[in-house]
Q: 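A single structure is presented below for examination.
Quick note on labels: first sequence line is chain A, next is B, and so on, each numbered from 1.
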Amino acid sequence: MPEMTEILNALVVFTNFVLIPGLAYGSQLALGALGVTLVYGILRFSNFAHGDVMAFGTMVTILVTWWLQSLGVSFGPLPTALLALPLGIAGTVLLCLVTDKFVYRYYRAKKSPPVTLVMASLGVMFVVNGLVRFIIGTDDQRFFDGERFIMKARDFKTLTGLNEGLAIKSSQGITVVIAVILVALLFWFLQKTRAGKSMRAYSDNEDLSLLSGIDPDKVVRITWIIAAALTTIAGVLYGLDKSFKPFTYFQLLLPIFAAAIVGGIGQPIGAIVGGYVIAFSEVLITYPYKKVVTYLVPESWAPEGLLQLLGTEYKFAVSFMILVIVLLVRPTGIFKGKVL
Amino acid sequence: MKLNQLNNATRATLAFSAMAGALILVGVGQSWALSLTILNLCLISSVMALGVNIQWGYAGLFNIGIMGFAALGGAAAMLVSTPPVGNAWAAGSWNILFSALCFVGTIVAAWQVHKKLKNSRFQTIVMIAVLVTGYMLTRSFFDPAVDAVEATDSAKTGFLGGLGLPIILSWPVGGVLAAGAAWIIGKVALGLRSDYLAIATLGISEIVVAILKNEDWLTRGVKNVNGLSRPVPYELDLHHSEWFISLVEKFRASDLAGLEGLAREAVLKEAITESAGVFVKLCYAGLFTAVLVIILTLCVLALNSPWGRMMRAIRDNETAAEAMGKDVTGRHLQIFILGSAVCGIAGAMLTTLDGQLTPTSYIPLRFTFLIWVMVIVGGSGNNLGSILGGFLIWFVWIEAEPAGVWLMNTLTAWLPEGNSVKNHLVQSAQHMRLVVMGLVLLLVMRFTPGGIIPETSK
Amino acid sequence: MIKVQSVSKNFGGIQAVNNASIEIAEGSITGLIGPNGAGKTTLFNIVAGLYSPSEGQILLAGEDITGLKPHDLFHKGLLRTFQIAHEFSRLSVIENLMMVPGSQIGENIWKAWTKRSEMRAQEKRVREKAEEVIEFLNLKHVATELAGNLSGGQKKLLELGRTMMVDAKVVLLDEVGAGVNRTLLSEIGDAILRLNKERNYTFCMIEHDMDFISRLCDPVIVMAEGGILAIGTAEEVKNNEDVIEAYLGTGLKNQTPKSSQPGAGI
Amino acid sequence: MKKLLLASALMATTGTQVVHAEDVKIGVFLGFTGAIESIVADMGPAAELAIKEVSDSGALLGGSSVTGVRGDTTCTDSAAATAAAERLITSDKVSALVGGDCSGVTTAALQNVAMPNGIVMVSPSATSPALSTIEDNGLFFRTAPSDARQGVIVSDILNEKGVKNIAMTYTNNDYGKGLAEAIEKNFTESGGTVTINSAHEDGKGDYSAEVGALAAAGGEVLVVAGYIDQGGKGIIQAALDTGAFDTFYLPDGMVGDALPEAIGPDLNGSYGANPGTDSPGAAKFAEMATAAGFKAGPFAAESYDAAALIMLAMQAAGSSDSAKLKDKVMDVANAPGEKIFPGELAKALKIIADGGDVDYVGASAVELIGAGESAGNYRQVAIDGGKVSTVGYR
């Protein structure tokens, strides 16, 4: 029987390397996936431009952040980017509404099949992709300021006397807190407000909702606004936690899609669960359990190998394996997704 | 007269003439070698677009895993043409053999369990036991084999190599490999709703590429395999070939006329270098055109037969087609395999032209999204349309770069040298490629929704 | 011809068909009526192989066909039409008909490449047949039009026409009259009667128009709440107390005008 | 056309002795878009800085102007890279190429375009050992050393520091993998242990899983064979944040002031080595880069040097013809001769024109050996007080 400290050590290792990073990454994916899923639920197409819109929103936020910083404005221990966020969201909302006006609305009015809209979003993806690089360049941008840590690994060690450290970055804390608030807000909005209810009605049955006097243009507009806000926030949080680079954001599209679909596309709750499923499966499946097990078993049983199910080089493939398996076992995702 | 009112034959004629004109313009204005390089890739792109058109245009299957099939074709090119690495085989052959036996044995055993113990409540338990034991047995032979193979002169080889056969054989082999993968994916995913099929294909193609990148014993992974053999002559050999030199002398007789000695030699040398490049590219172009023509002919024959009619009917309305006695699932599988095989062939051709297998080059932007743009812009459901799309989009993809630079320089010409806005714009000109591609797609979709050469009714 | 034996079907918690047993006699034109939500279309879809029943079985000429796919049933001579027309919208009218015959040589892609002359010969026969059907249905003026551009009534005719491209044993007609104007409806009625007499087709049809049913059907089966309420001639069921009750006392006549709603028809 | 051909032919035959001023073009053939676009954002301007320096000096080939023409390799797409190289060589008629960047596209462009056309390529960043032995007709050079050499250096430094076991992560491409293999081979042979050698993908952003795996395997030092502004930085950041590792070994792609600037004081105590000798070149180059508005990021120095070498070789050959300049590259790069540092290209051109000899040292301490690759003189560095400081040379 391992001693208490051993168990605690094992627990701390696991929390530090699996739980906390998974939670933060999962929250970022979940917010991204929420945007994808809302657009899918209301506008009925998979928006391939999502990753690049995310980059666009983050870019605007960064530019505003720099401007604020140059004015000497700061947000105390919190990153200035949070102050810049509203303007970033405004910029993204503008972009979404403009693309809707010039691209998507035409196909919606024509009742084109969803694939046409998907293709159109591909076009938007290319354009925004180029635009973002054009404006801010391809470089890595760091825009985090303020206090970096809520808890440092070394401080934790001295505090508890344990072997293992536990670190919580403020960006991780902010991410999780904002994600929780946003999700609560979104659900309140969808369940309680008139606009939210009309969105749900529209998503559930377009024709019926039109008969009951819902203004489709308004629903679409609100959807874009919410999706743009969620997307920008997800992008900014991701950028604060890691760093911003257009290419990375483009690459985020695939795990975000995987998250939305695993959860059940068109279902907000599914997007959130999907985000965490993808994030945790990436970490859990490629994590070597050697250290954890070593703490828990008697010394003589200590494992020699790494106890790793799959090498980290397959990390990216893991989310897709999960995706394919979920699709096979439960074709509509964990929470039954919408059928178009 | 508006473009929309033109009939298809006119559209095709106009579009292909314009395309030919553009290539000729590049030939005259830039260089013939560049023009032919673009042409060759246009041809390959067209084949790939045809493959996607078979799936999407004929039957409405939304496959966004093209990258995976192209990568399998590429792997085939390498595996067929590279000579086997003797040392690596010596180091790992027995273990590889055993692990292969174990793998096959596991599959057979699992199949037997599935058949014999159907409806038995032990089925799941026995199945899991068989699979786990099989997996561990296979790994126990496989892991040391991999280590041994990868340790064999890892800087230069570190993989098993291939069969050492002529690379042109790899084109059909690439098709077969892709078809095999498509069969498995189709069996698994074609029961799903269409947009989920798309995501499943996307996921599986990522997995295929991950394997190519990380299974070094098989493909050398990210270290690439260079110098694949060619199905056409090498330029450097041509430089010293008597027949080629005399050929060039004949063709360039007017340039050489009146020149003597050193001057003549210099002109001749330049002419030979230039012609050798053009000659090799023409050889490739001939091969690729042959493949394209064969596949196109088969496509046209098939699309205009009852088979094509049946497929289009399935695309239009699966339920009704099913009620009219068509085996929708079976036909979907068939067409998914056919289309994927064509993509595989194109993938093998591309790797042949590159002369190397570079697993990191398989990215969705280039191999999936770009091909889709070709099909949609060219005209889905129309064979000539997707070929045109392949030509046009690849041409734009390549030429958007210099055009972007030119545009930025022109736009900023009035700004003083060293102006930061000017610098920024000129430095960022490369990103025009993406913007242009997006705009082409959006504009074509908006103003000629069926593509430049849309589908025709019969 | 068709025996439906104690078939039930539930979707989630909803019992759409509840222990229904009916028999469709060979050579008959059987009508299937009932208020909305009675389970007619679900029962149809079960017979046609679109759904498999939760319980019970279906026999076609004594053979168990429960759970067979629609395309298998087609080859056994069981065809259907759809409540909302399922035309092949990007195929021309004649192509819509020509695609029907099963096992065409050219449907095998390999033979489409290698046996060109046989294929062409067969195509010629199929085309002639399709032209006959087009003639029969008075659709000649739109023969080369894309089916998606036809009016609702023409699409219905086209669907009926598809069943004429092969020698069907049983044809299930799902509201063939819905959205069709009076004149065209009577033409469709004539066509059905002729097919029944001349080719010995067995029909089973869901219909709301009682005049149409009275003219064609014998017997008429009434469904309500997933079960069978009554079976008899049109006259008999019209006067059946239970049936009138099931239609909420509104009277059967009032159920009819569906076909003459504004905007419907050619 | 014919006349032009004639004229150029005449020039080529007579030009060996008498130098005519001309408009020389040099291809800057790098991945401006794609996976390493953010690194190339500094490499491109670095090469163009050298080109501008020479062109402005008016000292090349009797006052020739030089311009850089960009071509996009995309880093990954061989087909696009081949087409871009084809355009640069056959249409823009560049005399030589600075590039390519990633080993894959570099090989494709070399074999399919440069070799058939007899054009010199000087790559600043393709480090694959396979390129040492590739058949190149003497046309391929690189200012970056082969990974094989660096493997030895890394192993030596670690051993001297008394490190017995390391964890290692590499960027999953030919550079990272080749380097990681070289390090593992040398370090294991010298008695050390590699607890884990795992890949990370660039451009993914989230490296929780990778760091978790590295931490679980453990080790005194984490060797990060990646890029300074790509996954490599992300890994170090995450490893420090979670307290997984305190000390890092930084190979060439990771050495630069940008790293301590981005990471902060936590990085103090880490060490590494990048190509370099005891020369003031790197510092000078960094100044010039800042003045020109770009960063002296990874491979930027090598890019500057690649362009400089091409132009010095032209001067030495008295011709912008690749067939002639290819034989002079080694001469100008190596001793004997006067040492040339960044910003002194005009001086070097003059010395050569006067019949003197130069030994180009440049920003990355160029010395070419063997088949025309950097000798691999390394500058051992330590991160100290938020700066990269040199501790010695090997």
Q: Lys422(B) and Leu415(B): which non-hydrogen atoms are nearest, and at how many Å?
A: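 Distance-wise, the nearest heavy atoms are NZ-O, 3.6 Å.
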Q: Tell me, side chain or backbone of Phe250(A) under 4.5 Å from chain B's heavy atoms, or both, or neither?
A: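 Just the side chain, heavy atoms under 4.5 Å.
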Q: Could you tell me whether Phe48(A) and Phe369(B) have their ring centroids closer than 6.0 angstrom?
A: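 Yes, they do, as the ring centres are separated by less than 6.0 Å.
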Q: Check the pair Arg105(A) / Asp217(A) against salt bridge (Lys or Arg N to Asp or Glu O under 4.0 Å), numbers first and verdict last.
A: CA-CA 9 Å; Arg105(A) 195 170 65 176; Asp217(A) 288 338; 5.8 Å; no
Q: Can you tell which part of Ile185(B) gets under 4.5 Å to a heavy atom of chain A, answering side chain, backbone, both or neither?
A: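 Nothing of Ile185(B), per the 4.5 Å heavy-atom cut-off to chain A.
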Q: Let me know if Ile211(B) has heavy atoms under 4.5 Å from chain A in its side chain, its backbone, both or neither.
A: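 For Ile211(B), backbone and side chain are both near chain A.
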Q: Looking at Ala120(A), Ala258(A), Gly137(A), which has the largest count of heavy-atom pairs under 4.5 Å with chain B?
A: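 Winner by heavy-atom pair count: Ala120(A).
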Q: Let's test your reading of the structure: which of Met445(B), Met437(B), His424(B), Glu206(B) forms the most heavy-atom pairs below 4.5 Å with chain A?
A: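 Sorted descending by pairs with chain A, the first entry is Met445(B).
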Q: Between chain B and each of Glu313(A), Met119(A), Met321(A), count heavy-atom pairs under 4.5 Å; write down the option with the most.
A: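 The residue among Glu313(A), Met119(A), Met321(A) with the greatest pair count is Met119(A).
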Q: Do the side chains of Ile62(A) and Phe244(A) get nearer than 4.5 Å, heavy atoms only?
A: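 When only atoms from C-beta onward are counted, Ile62(A) and Phe244(A) do touch, with a gap below 4.5 Å.
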Q: For the residue pair Ile204(B) and Phe320(A), establish whether any side-chain heavy-atom pair is separated by less than 4.5 Å.
A: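 Not touching, per the 4.5 Å side-chain cut-off.
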Q: Under 4.5 Å from any heavy atom of chain A, what part of Leu434(B) do you find: side chain, backbone, both or neither?
A: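 Answer is both: backbone and side chain atoms of Leu434(B) are under 4.5 Å from chain A.
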Q: Return the minimal non-hydrogen interatomic distance between Ser340(B) and Gln55(B), and the atom names on each side.
A: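 Looks like OG-NE2, 3.0 Å.
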Q: What part of Ile135(A) gets within 4.5 angstrom of chain B, counting heavy atoms only: side chain, backbone, both, or neither?
A: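 For Ile135(A), the backbone is the part near chain B, not the side chain.
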Q: For Trp56(B) and Phe62(B), take the angle between the two ring planes, folded into 0 to 90°, and tell me which bin it lands in: parallel under 30, tilted 30 to 60, perpendicular over 60.
A: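 Rings of Trp56(B) and Phe62(B): tilted, 30 to 60°.
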Q: Which bit of Leu323(A) is near chain B, if near means a heavy-atom gap under 4.5 Å: side chain, backbone, both or neither?
A: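 It is the side chain, since no backbone atom gets that close.
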Q: At a heavy-atom separation under 4.5 Å, does Met125(A) approach chain B through its side chain, its backbone, both, or neither?
A: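 Interface part for Met125(A): side chain.
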Q: Which one, Val324(A), Asn129(A), Leu122(A), leads in non-hydrogen pairs under 4.5 Å with chain B?
A: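 Most heavy-atom pairs under 4.5 Å with chain B: Leu122(A).
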Q: What part of Leu439(B) is in contact with chain A, defined as an atom under 4.5 angstrom from a non-hydrogen atom: side chain, backbone, both or neither?
A: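 Interface part for Leu439(B): both.
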Q: Can you tell me which portion of Val118(A) sits under 4.5 Å from chain B's heavy atoms? Options are side chain, backbone, both or neither.
A: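 The side chain, not the backbone.
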Q: Examine whether an atom of Ser112(A) lies under 4.5 Å from a heavy atom of chain B, and if so say whether it belongs to the side chain, the backbone or both; otherwise answer neither.
A: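 Contact with chain B: none, neither part.
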Q: Checking Phe257(A) against chain B: side chain, backbone, both or neither under 4.5 Å from a heavy atom?
A: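 Contact with chain B involves the side chain of Phe257(A) alone.
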Q: Are Phe280(A) and Tyr25(A) an aromatic pair by the rule of ring centers under 6.0 Å?
A: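 Judged by ring-centre distance (under 6.0 Å), Phe280(A) and Tyr25(A) do not meet the cut-off.
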Q: Determine, using ring centers only, whether Trp224(A) and Tyr104(A) are less than 6.0 Å apart.
A: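 For Tyr104(A) and Trp224(A), the ring centres are under 6.0 Å apart.
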Q: Taking the ring centre of each residue, are Tyr289(A) and Tyr287(A) less than 6.0 Å apart?
A: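 Yes, the ring of Tyr289(A) comes within the 6.0 Å limit of the ring of Tyr287(A), centre to centre.
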Q: Under a 4.5 Å cutoff for heavy-atom pairs, which residue among Gly130(A), Gly123(A), Ala317(A) has the most contacts with chain B?
A: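 The answer is Gly123(A).
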